[in-house]
Amino acid sequence: MAKEITSREENYSQWYNDIVKKAGLADNSAVRGCMVIKPYGYAIWEKMRDQLDKMFKETGHVNAYFPLFVPKSLFEAEEKNAEGFAKECAVVTHYRLKNDPLQKGILSVDPEAKLEEELVVRPTSEAIIWNTYRDWIQSYRDLPILINQWANVVRWEMRTRPFLRTAEFLWQEGHTAHATKEEAIREARQMHDVYAEFAEQFMAMPVIKGFKTENERFAGADDTFTIEALMQDGKALQAGTSHFLGQNFAKAFHVTFSNEKNENEFVWATSWGVSTRLIGGLIMTHSDDDGLVLPPRLAPIQVVIVPIPRPEPLLLEKAEQIRKALQDQGISVKIDVDDTKRPGFKFAEYEMKGVPVRLGLGMRDLENNVIEVARRDTREKASVSLDTVVSHVADLLEEIQQNLFQRAINFRNEHMTEVNDFATFKEVLESKGGFLSCHWDGTSETEEKIKEETKATIRCIPIDAPEEAGVCVYSGRPSSRRVIFAKAY
RNA sequence: CGGGGCGUAGCGCAGUCCGGUUAGCGCACCUGGUUUGGGACCAGGGGGUCGCAGGUUCGAAUCCUGCCGCCCCGACCA
């Protein structure tokens, strides 16, 4: 069998790139740092989007759309946020091209068409949204505002990687406005929970829920809640964040409301987002050296039926029966009717693309009233009676979903190490990586020093971390709970 | 943005050091035939701004200059 994917052991980065390419998820584009998301990759994103959108609606949110461009003066209004993003903003300065007077067929920027005020291409939309909310909010009766938008954003990254970090990416950003601090905090935590549930139940990707230290917090937030996942190379991936923004944006954009006592108060805010980065996390959580492995709940094709050795009427007729029956159970099925490729080739292709279940149907099977059922996660094959195949496959998809999740949990647990001294810290980080659970003295200085010396950062302070007396792994000063360190993407 | 590597057909590469027929090979593609339960075989065929732009030369994929892009490592990054 021709191996087309670099093994993880040989070169993890190359393995990742190979999967993206060979599974048909994305291509590089003519634009530096920007990728083309291909139909199969986009189909995964659509599945994620549809499910998240449903969960957002169930928690009372509605969708809207705000502009791509943010006038610079608005962008800089909330100082910390503007500062945080300043170094990676694309800026529009002109609005017209003209024919170059010297070179035929060449367009150049028309110096006459310089914008009075530059437009920042949104790296996130707090500024434009809060500037709008000012007009929408007068009274406590106008609150809460629970809006989400599906959009693209641009962050001019120095070094990009498909899905994990691209100059332009797709995401959703929720922006909510509340009358009280308590309600806003509840909202931020609720969406944090939604993200964790989505990651675990749909992506089968276990996450640690926690909050960020001041250093790692979103610029402009009072508190950032995060879900942190662990990739197969032992590095952590921040998979989603939900921010309690306090009154920072309300103050910057003068958004106030009259409360029931007719007193003016600043509005409380949250924002929360997940992006196409999740696809990178999905890849690095489950896939293997034979290609992509997808959890059934997010697989664009859940079941593929391959007629063996070739699509013949009798086989296709039976396949179509099975497809209909599975479809009635809400399962997406593709019948491969391509007669220019042989079964072995197709098997390898669908394994590359991570299709969870493959059904192989030949004349011999038909005679014996059976069908071959192959599962992608364990590579096991079984012969199953045609009478029971539909319920068998439905159960199997669920089993695969659970197995992938359990496997990922096991991996995560094996790579969660409690460490109590700095020598061990460094040694564990180098030898097996993963999450290091340690005491930390709570100071930025210690956090910075550990980062300088080891490249590891505090991924989060787990929400459920128990109170436990101890001493800081670096400084030896007292600490009351453990935090999670790791090298991160 | 720094160090290293690479850019020749859709993909993977040889040719570049040392300039010289019509630029090759494997896979893929097209046609015909034989095959067919894990990436089939035979025969024939099509497909190239040699990353881009200048320069040197009788002659450039090959030498020189500049630029662009991609990959790996680092710095940077909520």
Side-chain angles (χ1 to χ4, degrees), chain A residues 1-6 10-18 20-22 24 27-35 80-89 103 106 123-124 126 153 155-162 164-167 171 173 211-226 228 237-243 245 271-275 277 290-291 306-312 315 339-352 358-368 370-372 374 379 381 383 451-452 455 457-460 488-489:
Chain A
M1 187 157 73
K3 284 280 182 200
E4 297 185 22
I5 297 178
T6 308
E10 189 185 335
N11 184 339
Y12 192 83
S13 296
Q14 194 55 50
W15 167 80
Y16 177 82
N17 290 335
D18 286 350
V20 169
K21 198 98 197 259
K22 301 282 167 55
D27 273 341
N28 291 320
S29 74
V31 191
R32 183 194 197 107
C34 297
M35 65 178 169
K80 278 188 186 157
N81 190 252
E83 238 182 74
F85 285 111
K87 281 172 294 187
E88 44 188 330
C89 286
Q103 291 166 279
I106 300 292
T124 180
E126 274 79 2
V153 287
R155 297 177 187 180
W156 215 261
E157 302 286 353
M158 284 300 174
R159 189 173 167 195
T160 59
R161 306 195 57 192
L164 293 171
R165 177 172 282 115
T166 47
W171 76 343
E173 46 182 327
F211 46 96
K212 290 291 192 183
T213 61
E214 199 178 340
N215 274 349
E216 300 280 330
R217 200 174 286 161
F218 175 67
D222 283 0
D223 236 323
T224 289
F225 302 100
T226 180
E228 298 284 326
L237 183 77
Q238 177 178 301
T241 49
S242 179
H243 315 290
L245 301 174
S271 69
W272 27 275
V274 295
S275 71
R277 172 179 248 207
D290 294 316
V306 180
I308 297 167
R310 40 178 303 139
E312 293 177 52
L315 294 174
D339 64 355
T340 66
K341 293 181 177 67
R342 295 168 40 126
F345 184 89
K346 294 176 179 179
F347 293 172
E349 280 291 307
Y350 291 115
E351 280 157 15
M352 189 93 84
R358 183 187 72 232
L359 302 178
L361 184 63
M363 292 308 290
R364 219 154 62 208
D365 295 317
L366 222 47
E367 281 159 24
N368 297 324
V370 295
I371 190 166
E372 184 188 77
R379 311 293 301 266
K381 289 192 275 197
S383 196
K451 185 180 176 182
E452 272 169 41
K455 306 237 158 68
T457 50
I458 299 179
R459 301 321 304 153
C460 69
Y489 273 97

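All chains are named by letter (A, B, ...) in the order of the sequence lines, taking the proteins before the strands, and each is independently numbered beginning at 1.
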Please report the distance separating the [atom1] of [N] from the corresponding atom of [M], rounded so that it comes out in whole Å.
N	M	atom1	result
B:rG10	B:rG19	P	30 Å
B:rG45	B:rC64	C1'	41 Å
B:rG32	B:rG38	C1'	27 Å
B:rC71	B:rG12	C1'	15 Å
B:rC30	B:rC70	C1'	31 Å
B:rG4	B:rC41	C1'	44 Å
B:rC27	B:rG44	P	14 Å
B:rG55	B:rG59	C1'	15 Å

* Asked: At under 4.0 Å between heavy atoms, what does A:Gly33 touch on the DNA or RNA strands: base, sugar-phosphate, or nothing?
  -> sugar-phosphate
* Answer with base, sugar-phosphate or nothing: what part of the nucleic acid does A:Arg459 contact at a heavy-atom distance below 4.0 Å? =>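 Nothing: the residue A:Arg459, judged by heavy atoms under 4.0 Å, touches no strand.
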Does [N] have a Watson-Crick or wobble partner in any strand here, with both distances under 3.5 angstrom, and which is it?
N	result
B:rC52	B:rG66
B:rA14	none
B:rG19	none
B:rU34	B:rA40
B:rC1	B:rG74
B:rC29	B:rG45
B:rG59	none

Using only modelled atom types and a 3.5 angstrom limit, is any donor from either the side chain of [X] or the base of [N] paired with an acceptor on the other?
X	N	answer
A:Lys381	B:rG38	yes
A:Glu372	B:rG37	no
A:Asp365	B:rG37	yes
A:Arg310	B:rG37	no
A:Glu351	B:rG38	yes

Rounded to the nearest Å, what distance is computed from the [atom1] atom of residue [X] to the [atom2] atom of nucleotide [N]?
X	N	atom1	atom2	value
A:Asn28	B:rG10	CG	P	16 Å
A:Tyr12	B:rC73	OH	P	12 Å
A:Asp18	B:rC70	CG	P	17 Å
A:Asp339	B:rG39	CG	P	18 Å
A:Glu216	B:rC76	CD	P	12 Å
A:Arg364	B:rG38	CZ	C1'	13 Å
A:Gln14	B:rC6	CD	P	15 Å
A:Glu452	B:rA75	CD	P	11 Å

Just N and O in the side chain of [X]: are any of them under 4.0 Å from OP1 or OP2 of [N]?
X	N	value
A:Ser13	B:rC73	yes
A:Arg159	B:rC73	yes
A:Arg342	B:rA40	yes
A:Asn17	B:rC72	yes

Nearest-nucleotide pick for [X], side chain only, options being [options]:
X	options	result
A:Met158	B:rA75, B:rC77, B:rG39	B:rA75
A:Phe345	B:rG74, B:rC70, B:rG39	B:rG39
A:Arg165	B:rC77, B:rC72, B:rC1	B:rC77
A:Glu157	B:rG37, B:rC70, B:rC77	B:rC77
A:Ala348	B:rC73, B:rC76, B:rG38	B:rG38

Between [X] and [Y], is there a donor-acceptor pair closer than 3.5 Å when you use the side chain of the first and the backbone of the second?
X	Y	result
A:Arg165	A:Thr160	no
A:Arg310	A:Asp339	no
A:Asn81	A:Ala219	yes

* **Nearest-nucleotide 5' precedence on RNA chain B, A:Ile308 against A:Asn215** => A:Ile308
* Asked: So which one's nearest nucleotide on RNA chain B is more toward 5', A:Leu366 or A:Gly84?
  ->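 Here A:Leu366 is the residue nearer the 5' end.
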* **Heavy atoms of other groups near A:Glu312 CD, more than 12 under 6.0 Å** =>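 It does: A:Glu312 CD has more than 12 such atoms within range.
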* **Residues, nucleotides or ligands: over 12 heavy atoms within 6.0 Å of A:Trp171 CH2** =>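 Enclosed: over 12 neighbouring heavy atoms sit under 6.0 Å from CH2 of A:Trp171.
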Pairwise side-chain contact, [X] with [Y], heavy-atom cut-off 4.5 Å (strictly under):
X	Y	answer
A:Glu216	A:Thr226	no
A:Arg277	A:Leu237	yes
A:Arg161	A:Ser13	yes

* Return the orientation label for the A:His243 and A:Phe218 ring planes: parallel under 30°, perpendicular over 60°, tilted otherwise. => parallel
